[in-house]
Amino acid sequence: MEDKLKIYNTLSHKKELFEPLNPPHVGMYVCGPTVYGDAHLGHARPGITFDIVFRYLKHLGYKVRYVRNITDVGHLVNDADTGEDKIQKKARLEELEPMEIVKYYTDRYHENMRQLNTLPPSIEPTASGHIIEQIELVKKILKNGYAYESDGSLYFDVEKYNKDYRYGKLSGRRIEDLLHNTHELAGQEEKHNAFDFALWKKADPSHLMHWPSPWSEGYPGWHLECSAMGAKYLGETFDIHGGGMDLLFPHHESEIAQANAATGHDPVKYWMHNNMITINGQKMGKSLKNFITLEEFFTGKHKSLDQPYAPMTIRFFILQAHYRSTLDFSTEALKAAEKGLRKLFDALYLLDDVKPAATSSVNIKLIEEKCYQSMNDDFNTPMVIAHLFDLAHGINQAYAGKESLTQEDIAYTRKLFSSFLFDLLGLKDEKEKDDSQLIEYLMKTIIEIRQEAKNKKDYATADMIREELAKMDIQIKDTKEGAKWNFK
RNA sequence: GGUACCGUGGCCGAGUGGCUAGGCGGAGGUCUGCAAAACCUUACACAGCGGUUCGAAUCCGCUCGGUACCUCCA
């Protein structure tokens with residue numbers, strides 16, 4: 001009964017059996033980054049979380065279409081749907097075209113995600129490339145009576161919508177509470193209610209990014225792109241929509257509202273949300289300015305880092321926590337992850353040296369079963385990793401002669417181990433250094449040893465080193481400046 | 001104030017009614033020229049107070065503490 005995949009659905013607050021709408025096809029949409037700055041540790045979490053979902057669903061035999069957007073239309077820096085947009089602000093600061101900003105940070109984001117060994121999405125649409133689809137969606141909402149125009153801008157009529165549907169079903173909010181709890185915001189005169197959100201904004205003359213529309217020269221509202229592009233590539237109703245918990249409200253809530261207003265039904269069957277990464281117990285985020293970029297982790301160049309941390313260390317660190325739990329960052333925790341991952345790889349390699357026995361004392365099939373149960377239980381990667389450590393322990397014991405494995409089980413263990421470690425968890429061993437660098441280093445060491453022998457007038461050893469290297473076409477030449485070497 | 005959630009050993013982090021989570025770190029030992037790895041043993045826990053139960057880290061209530069969202073944020 002535990003052998004079926006269950007996914008925690010934010011909409012129902014329960015783990016639900018995963019049943020795709022159109023098997024074997026699965027449609028998954030994940031909110032991608034707004035490209036106006038380098039990706040930080042927080043961005044790695046949805047990247048990795050939904051990479052695991054993507055990999056596992058494919059492993060189960062589903063044909064998955066994974067859509068992750070790039071938000072490259074400037075949305076607003078601050079509250080109240082007024083003011084300067086984020087990309088424009090960056091462009092002004094750096095004296096660049098907005099699209100130069102977009103291109104630069106999109107490339108950097110891709111590079112970071114590649115380093116983290118996440119598989120590229122099937123489709124990666126940009127908001128700026130789907131202005132027409134967004135305008136069409138606004139038209140539908142307007143036609144159905146859930147939007148109003150106000151001086152060239154269009155707003156979603158939340159109050160009207162809430163009478164026919166229910167605004168707040170995802171986040172558990174009630175419209176009455178929203179009324180009372182909304183902050184005093186400036187520049188809201190155009191809205192009927194403070195909680196109404198923009199579908200289309202008229203651009204003021206200084207605004208750099210704008211497009212023509214039936215209502216004004218302007219730009220689309222923030223929540224619109226995901227609704228429009230999700231529907232375009234995955235259909236009006238699709239299986240999974242993912243993103244960070246901080247997008248739950250108002251972003252995803254508004255997506256649901258827009259879809260219902262346009263089509264009359266919900267857009268998504270399973271809503272998945274990854275939790276936040278914290279630093280000193282607080283959310284790591286742009287606004288708190290307490291974030292560390294992935295680049296800084298990989299190079300070690302940040303004041304709170306004492307060394308570089310490899311992309312796989314970051315990946316393993318993230319996978320050691322369940323995606324719905326907060327994860328507290330510290331260098332101590334990262335070091336523990338680094339060592340733990342090394343231990344797993346070492347055990348896998350040690351498998352080559354385990355002597356086959358007539359019988360097996362380790363139950364590999366049971367561990368395999370537990371691994372699948374853990375994955376099926378809402379992608380419980382920390383449990384999977386714990387089982388892999390058990391497997392590593394079994395291998396080490398077999399090597400030490402305390403347990404035994406048959407030839408067949410050794411092969412099976414290798415397959416199981418690498419399948420989970422490499423294919424499903426997406427980890428890889430980065431230990432291999434650049435070959436030329438390694439050879440330089442080895443030759444330097446060998447030459448030092450030979451010099452040491454020569455100093456002791458141990459010419460037999462010195463000659464032996466030279467002759468052995470010659471067999472590999474490496475030539476040693478003793479010069480006035482010391483020994484030199486080259487390939488013959 | 002509203003909504004959602006959390007509080008597990010030195011650190012990170014699973015577990016949701018009875019059976020060792022796991023990793024890192026610590027202590028002792030085996031092995032060993034030294035070191036590392038591996039192996040063995042071991043200490044350290046479920047925020048507090050009540051309740052339900054034969055039995056609770058796990059369910060319920062209260063208290064204390066913390067976080068996220070309610071404005072851009074993964």
Side-chain angles (χ1 to χ4, degrees), chain A residues 10 13 30-34 36-37 39-50 71 74-83 85-86 89 168 170-174 176-186 194-195 197 222 242-253 273-278 281-289 291 316-317 319-344 346-347 350 370 374 377 380-390 392-393 395-403:
Chain A
T10 310
H13 294 271
V30 176
C31 290
T34 303
Y36 68 110
H40 59 75
L41 186 60
H43 293 93
R45 199 156 197 202
I48 290 169
T49 297
F50 294 102
T71 298
H75 294 298
L76 301 167
V77 176
N78 59 25
D79 46 20
D81 288 330
T82 61
D85 84 50
K86 287 179 287 201
K89 183 179 176 193
L170 183 68
S171 58
R173 269 161 240 265
R174 286 169 304 162
E176 306 87 71
D177 299 331
L178 290 171
L179 259 181
H180 295 300
N181 298 322
T182 307
H183 298 191
E184 275 297 312
L185 300 174
F195 48 65
F197 55 88
W222 175 40
M245 263 183 193
D246 49 355
L247 298 178
L248 215 154
F249 189 91
H251 186 53
H252 292 157
E253 194 71 71
H273 291 95
N274 62 273
N275 213 319
M276 301 292 108
I277 288 180
T278 56
Q282 266 205 323
K283 174 185 169 180
M284 184 181 279
K286 279 241 160 67
S287 45
L288 288 163
K289 297 190 174 130
F291 61 91
F316 189 68
F317 169 69
L319 291 176
Q320 269 193 303
H322 187 87
Y323 75 90
R324 283 190 287 114
S325 300
T326 54
L327 172 59
D328 198 46
F329 152 81
S330 68
T331 54
E332 208 178 354
L334 277 182
K335 281 202 180 72
E338 190 175 47
K339 286 198 178 184
L341 181 58
R342 185 75 257 144
K343 188 172 175 174
L344 287 180
D346 285 346
L350 195 65
K370 285 181 177 174
S374 301
D377 185 16
N380 196 331
T381 53
M383 281 299 282
V384 172
I385 288 168
H387 298 319
L388 292 183
F389 274 114
D390 287 344
H393 185 63
I395 293 168
N396 288 332
Q397 281 197 314
Y399 175 76
K402 309 247 175 180
E403 299 278 4

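Computed from a prediction, not measured in an experiment: that's the story for all the values here. Chain letters run A, B, ... following the sequence lines, proteins first and then strands; every chain starts at 1.
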Distance check needed: [N] [atom2] versus [X] [atom1], whole Å only.
X	N	atom1	atom2	answer
A:M276	B:A68	CE	C1'	8 Å
A:I385	B:G15	CD1	P	13 Å
A:D328	B:A68	CG	C1'	14 Å
A:K339	B:A37	NZ	C1'	12 Å
A:L327	B:C6	CG	C1'	14 Å
A:L334	B:G13	CG	P	11 Å

ask   = Are any of the side-chain nitrogens in A:K370 or A:D390 under 4.0 Å away from the carboxylate oxygens of its partner?
value =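 Here A:K370 does not pair with A:D390 in a salt bridge, since their nearest N and O are not under 4.0 Å apart.
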
Nearest listed nucleotide, side chain of [X], among [options]:
X	options	result
A:R173	B:C40, B:C69, B:A74	B:C69
A:F249	B:A14, B:C70, B:A74	B:C70
A:A336	B:A38, B:G23, B:A74	B:G23
A:K343	B:C5, B:A74, B:A38	B:A38
A:Q320	B:G23, B:A74, B:G2	B:G23
A:K402	B:C39, B:A74, B:G22	B:C39
A:I277	B:A74, B:U3, B:C39	B:A74
A:P382	B:C70, B:A14, B:C11	B:A14

inquiry  = Are A:R173 and A:F195 packed together at the side-chain level, in the sense that at least one heavy-atom pair is separated by less than 4.5 angstrom?
reply    =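 Side-chain contact under 4.5 Å: no.
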
inquiry  = Donor-acceptor pair, distance only, cut-off 3.5 Å: does the side chain of A:H387 make one with the backbone of A:V384?
reply    =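 Checking the backbone N and O of A:V384 against the side chain of A:H387, no donor-acceptor pair under 3.5 Å is found.
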
message = What stems show up for RNA chain B when you take Watson-Crick pairs (N1-N3 plus N6-O4 or O6-N4) and G-U wobbles (N1-O2, O6-N3), both under 3.5 Å, and require three or more consecutive pairs?
response =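 Stems found: B:1-7 with B:64-70, B:10-12 with B:22-24, B:26-30 with B:38-42, B:47-51 with B:59-63.
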
